[in-house]
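Within every chain, numbering begins at 1; the chains are lettered A, B, ... in the order of the sequence lines, protein sequences first and strands thereafter.
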Amino acid sequence: MILQALVEYYERKAADPDTALAPPGFEAKDIPFIIVINDNGQYRQLNDTRCGEGKKKRAQTFLVPQGVKKTSGVAANLLWDTAEYVLGVDTRGKPDRVAEQHAAFLERLNELPAGDPAISAIRAFLGNDPIAALQSSPLWPEILESNPLLSFQLSGDNAPIFMRPAIVQTLRHTAPEDDAVLGLCLVSGDTGPIERLHAAIKGVWGAQTSGANIVSFNQRAFESYGKEQKQGENAPVGKQAAFAYTTALNHLLGKDSNQRVQVGDASCVFWAEKPCLLEDDFAAYFKESPKDDPDYNVRAVKNLYQSIQQGHATVSDQNTRFYVLGLAPNAARIAIRFWLHGSVAEFSAHIVQHFDDLTIDHAPYEKPYLPLFRLLTSIAAQGKADNIPPNLGGDTLRSILSGLPYPATLLQAAVRRIRAEQNVPYARAALIKACINRKTRFDHPHDPAYQEELKVSLDLENKHIGYRLGRLFAALEKIQEDAHDRSLNASIRDRFYGAASSTPVTVFPNLMKLSGHHLDKLGKLNEGRRVNMDKWLTKIIGGMDGEQAFPSQLCIEDQGRFAIGYYHQRQAFYSKSTSTESTTGEPA
Amino acid sequence: MTTFHLEVAADFACFTRPEMKVERVSYDIITPSAVRAVFESILWKPAIRWQPERIEVLAPIRWSSIRRNEIANKISVASVQSAMNKGSGLLGAYIEDERQQRAGLLLRDVRYRLTARLEMTNRAGPDDNLQKFSEMFRRRADKGQCINQPYLGCREFACAFRLATEDAHPIDRTALPDYDQRQLGFGGGRPLGWMLYDMNYQHPDSPCPRFFNPWIENGVVTIPDANSTEVRG
């Protein structure tokens, strides 16, 4: 199904006239150096097609005849290849091999009609000591050093030789090799020649740079049914289908592609059956905004909300399929981390639900919509992307798009991070709120009381013990802070948060006793505030259910509620205090 | 009565796609060849053949991605034969030299109700008839007897099984969330793409795969017969 969907995407793109997708027999390649020669084969100049600075130099992309799969043997491409093949110049100290390579390159030129002026120009140039001519160019040391891709251009043309119409025509009509085995293609269901070695997929983060394969049988243990050394026959895929899916996937994973997102260590690509808003903006919902456009994902999410609210989700959205494929590297192979498919309407609704669940009270300078990357780094040690547990990004994306509860790991990791760092920042609070709400909604699917258990901001009616204890802790901390006029180095949060959250009974009686002293001290500074804080305390404690006010343990979910209660109460305190003198809001 | 229904349930299942065999990706539902294998693990003789007829998916389709250490090479037949002839030999494989990590995208918490039909083959003896084998199968499946533990796709994913009757109480899948219902084909069916039907062993030295195009509707997939035109290969 995966390969089939990719082939359909290729066909959709190929039918589109202004597409960048390569037709059969061609591929897109970055060629940094072009040797310009005149019709007689004399060297004119060496063009550098790269633009950009330093490490970010990118060569221009051309549509070249499809290259052969490079293995440890000698095999040359047609009209373009590395300096060793094209010029026969030894860059790595292997003169015999380089001689073979150059001979192979010249051999391939025989495939083109001999009378063509461009080909005879190339032959004349290469036959006439090309290295001496090129040494005059200032770029020569770089070519020697890095063995880049080279190709040719006639001085009268404005495009390289492989783009000349006569050559392109010849290539389009070359007969395919006849030694391919016939079989049933499992993508299209038609009988035809089977591809032995599939083209490499480049662009998966973490895989080897020369490309990796999804369909590969590169060790004996992976072969079955006696198909030893006959790689492709272990999974028969026709040549046309193999070309289509590899080209489509390379296009989606390309450097400029807007249809890929990096989720943890998995490169995720997505596409739809037809062009739609979701396809254009999907990356924006989950990627970090680029530095020069910080509102990139906020805008995209607002657009999505508007389109859902105004009922722009049309009938075609219900029927258009949307596909998301997550790829993870494993040296020379690619593992499929997740594969999701559904209708555009479903996915849009689930994404909106995800952002709804994440909405929580926040400071005005924080963004309203958090990208997935921020959520994942908030649960990683030291906020580093390397410390995100593997698979978590993919599992989270899967649960977002299918509307399921988030992975349990997410809630546990968030609670653990809060204990380790003793603070509840915006991203973690949003994440915990979403985890808990989604879980309770999933467990009670048709019960309206459980649709949104934790609200966006302070919920004075919530009697849940974890929530109330969190609020109580926040209130106690505020009393201590105010009593010492915010000059403390370590508050009760730094000392007692972890214990208060997991084993309240060990800590809260002591804290209540201390709060009495803090209130007295606060009273000496500002009697009005003391009265206010006292009222808050009474209201919070009074709302707690049950005879035993302080439980001996809180389970992970309740610790999550504790964190949310704490966060809501802090936000409530700090949002209402507009000046240092005023009372900190009236408790309801 | 030659058609039987088995309910199978397991924590994991992996019906590996042939094209993603190294880094395993499972099909969405059980393949006909795996259905046949479940029935064959309870009873099989050369005289009979199991023809899968129907698959009902009882649990929502859930995925899990894991990574396992496996090895790169097979122990060669030649070395085994020489060890047999000599009487002793070294046939071990050292994991440190051969380690390959392979990822797998598996199905989780699967439950199916499988329907298959018993047929005689041309290797049936004079005493063999359908009734005899039907009774044997019914007795064995009732008792939970099997030749080897039935498995779902890969041997390590063993399953529990139970004989079910035609009118057994159906599991209510309409309580599932909308997304899961649509994945199972409720509210208009959906195609599942070309799926492996079984292997064709006519030429034993080069088995080739056969494919068909299943359609899931309301959680049910009807499997065509082995000699029907819907099965290619």
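Only the backbone of Ile334(A) comes within contact range of chain B, with heavy atoms under 4.5 Å apart. Proximity to chain A (any heavy atom under 4.5 Å) is shown, for Leu196(B), by neither the backbone nor the side chain. For chain B, no part of Pro390(A) is nearby; none of its heavy atoms comes within less than 4.5 Å. Only the side chain of Phe442(A) comes within contact range of chain B, with heavy atoms under 4.5 Å apart. Contact annotation for His350(A): only side-chain heavy atoms (C-beta onward) come within less than 4.5 Å of a heavy atom of chain B.
The backbone N or O of Phe222(A) sits less than 3.5 Å from a side-chain atom of Lys21(B), completing a donor-acceptor pair. With hydrogens and angles disregarded, a donor-acceptor distance shorter than 3.5 Å links the side chain of Arg398(A) to the backbone of Trp63(B). No donor-acceptor pair under 3.5 Å is formed between the side chain of Asn330(A) and the backbone N or O of Ala103(B).
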> Arg232(B) and Leu186(A): side-chain contact (heavy atoms from CB on, under 4.5 Å), yes or no, with the steps?
Replying inline: CA-CA 10 Å; Arg232(B) 296 206 205 165; Leu186(A) 55 78; over 6 Å; no
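With chain A as the partner, the residue from Glu19(B), Gln183(B), Arg24(B), Met195(B) showing the most heavy-atom pairs under 4.5 Å is Glu19(B). Per-residue heavy-atom pair counts under 4.5 Å with chain B were compared for Ser188(A), Ala5(A), Gly403(A), and the maximum is reached by Ser188(A).
In Tyr450(A), the OH atom is not crowded: 12 or fewer heavy atoms of neighbouring residues, nucleotides or ligands sit closer than 6.0 Å. Heavy atoms of other residues, nucleotides or ligands lying less than 6.0 angstrom from CD of Gln202(B) number 12 at most.
Side-chain polar atoms of Gln101(B) and Arg333(A) form no donor-acceptor pair below 3.5 angstrom.
Note: Leu105(B) CG to Trp339(A) CH2 = 11.5 Å, rounded to the nearest 0.5 Å.
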